[in-house]
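What follows is a set of notes on a single structure, which appears directly below.
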Number of protein chains: 2
Amino acid sequence: MTIRQTNPPFMSGVPELLVLRLLARQEMYGYELVKAVRVVTSEAIRLGEGVIYPVLHGLERNGSLSARRKAVNGRTRVYYSVTPTGQQRLDRLAGEWERIKNGIQSVLESPQNA
Amino acid sequence: MTIRQTNPPFMSGVPELLVLRLLARQEMYGYELVKAVRVVTSEAIRLGEGVIYPVLHGLERNGSLSARRKAVNGRTRVYYSVTPTGQQRLDRLAGEWERIKNGIQSVLESPQNA
DNA sequence: TAAACTTACTTTGCCTTTCGAGGCATGTCA
DNA sequence: TGACATGCCTCGAAAGGCAAAGTAAGTTTA
């Protein structure tokens with residue numbers, strides 16, 4: 001029984017990139033991130049909690065984020081910030097995005113027929 | 001039994017966009033498209049046949065592409081070209097891509113801390 | 001004060017897209 | 001003859017992303 005190994009889809013990991021980038025700017029908690037993504041992208045991108053929280057947990061697990069709990073108004077918030085490892089990951093993802101974006105752009109800008 | 005309806009992932013449909021855009025430039029066949037994507041994107045994006053062919057079939061099925069078979073060197077090539085319907089779809093996808101891209105860009109350009 | 005909404009975190013289960021790999025057939029080059 | 005390129009097609013799996021719902025506590029409103 002051999003395990004079939006597939007690469008992740010070439011456009012994936014953008015939510016991760018966005019989360020890392022926002023957290024590099026400023027420490028935030030999950031629910032805040034959900035709203036920040038909508039606001040900063042002018043509603044162009046809306047990531048629900050079903051996306052954000054799993055991403056946060058994954059990034060924390062692999063050492064890209066560190067978390068600290070903080071009680072505010074009787075509620076608990078989990079604030080995340082980017083570790084040095086996370087900064088490396090952010091740099092790498094940003095570079096990949098740049099390549100992909102430029103690739104797509106060069107297709108879109110290719111001269112049209114008609 | 002209720003059917004759960006999920007939206008497509010927000011970044012999806014890029015292969016479709018690329019295929020439509022390349023075919024709007026010039027009639028092509030599947031195998032040629034596989035290589036064209038790699039070349040035009042300078043290897044940044046590599047879509048295999050397992051991606052390209054299903055996309056072509058889907059686009060043909062919904063009227064975005066028309067196909068004509070042509071025998072060359074004893075082999076059969078299926079050339080695809082973009083229909084008016086396909087042009088509309090291309091315009092729509094290009095617009096969506098623009099919005100998403102700008103959204104991501106505005107996150108990436110947000111001022112950094114540190 | 002009850003209803004309704006917001007904040008805040010978490011998880012489940014599904015669906016779609018994408019992916020690698022393989023199969024088939026012909027042609028060319030060494 | 002073997003290896004490699006052309007050209008088409010499809011299967012099975014993985015992962016990523018998604019809506020929805022559950023929990024719980026605070027706030028607003030009627």
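Letters A, B, ... mirror the listed sequences (proteins, then strands); counts begin at 1.
Residue A:Val51 is the one, among A:Pro8 and A:Val51, whose nearest nucleotide of DNA chain C lies closer to the 5' end (criterion: closest heavy atom). For the pair B:Glu16 and A:Val78, nearest-nucleotide mapping onto DNA chain C gives the more 5' position to A:Val78. Summary of the strand contacts: A:Gly74 and B:Gly50 both lie near DNA chain D, and taking for each the nucleotide with the nearest heavy atom, the more 5' one is attributed to B:Gly50.
Rounded to the nearest 0.5 angstrom, A:Asn7 CG and B:Arg46 CZ are separated by 11.0 Å. Rounding to the nearest 0.5 Å places CD of B:Glu43 at 9.0 Å from CZ of A:Arg99. Note that CH2 of B:Trp97 is 8.0 Å distant from CG of B:Leu17, once rounded to the nearest 0.5 Å.
Look at A:Tyr53 and you'll find a side-chain N or O under 4.0 angstrom from OP1 or OP2 of C:dC9. OP1 or OP2 of D:dA19 lies within a sub-4.0 Å distance of a side-chain N or O belonging to B:Asn7. Regarding contacts with the backbone of C:dC9, every side-chain N or O of A:His57 stays at 4.0 angstrom or more from both OP1 and OP2. Considering only side-chain N and O atoms, A:Tyr29 lies under 4.0 angstrom from the phosphate OP1 or OP2 of C:dA8. For B:Lys35, no side-chain nitrogen or oxygen approaches OP1 or OP2 of D:dA5 to under 4.0 Å.
For the pair B:Tyr31 OH and C:dA25 P, the interatomic distance rounds to 18 Å; values are reported in whole Å. Taking atom CD1 of residue B:Ile45 and atom P of nucleotide C:dT17, one finds them 18 Å apart after rounding to whole Å. Atoms CZ (A:Phe10) and P (D:dG17) sit 12 Å apart, rounded to a whole Å. Between the CD atom of B:Glu32 and the C1' atom of D:dC9 there is a distance of 18 Å, given to the nearest Å. Rounded to an integer number of Å, the gap from CZ of B:Arg68 to C1' of D:dC8 is 17 Å. Distance, B:Leu33 CG to D:dT6 P: 14 Å, rounded to whole Å. A:Ile52 has its CD1 atom 12 Å from the P atom of D:dA19, to the nearest Å. What separates CG of B:Leu56 from C1' of D:dG7 is a distance of 13 Å, to the nearest Å.
For A:Tyr80, the side-chain atoms get nearest to C:dT10 when compared with the rest of D:dG17, C:dT18, C:dT10. Listed candidates were C:dG27, C:dT7, C:dC19. Nearest to the side chain of B:Arg75 is C:dG27. When the nucleotides D:dT10, D:dG17, C:dT11 are ranked by their closest atom to the side chain of B:Pro9, D:dG17 comes out on top. Listed nucleotides: C:dT10, D:dC9, C:dT17. Nearest to the side chain of B:Arg69: D:dC9. In the set D:dC8, C:dA8, C:dC19, the nucleotide with an atom closest to the side chain of A:Arg77 is C:dA8.
Between A:Glu27 and A:Arg68, at least one side-chain N (NZ, or NE/NH1/NH2) sits under 4.0 Å from a carboxylate O, which counts as a salt bridge.
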### Task
Check the pair B:Met11, B:Ile104 against side chain to side chain contact (heavy atoms under 4.5 Å, CB included), reporting the backbone distance first and the verdict last.
CA-CA 11 Å; B:Met11 291 284 303; B:Ile104 296 175; 4.0 Å; yes
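A donor-acceptor pair is defined here as one N or O able to donate and one able to accept, closer than 3.5 Å; such a pair exists between the side chain of A:Ser106 and the backbone of B:Val40.
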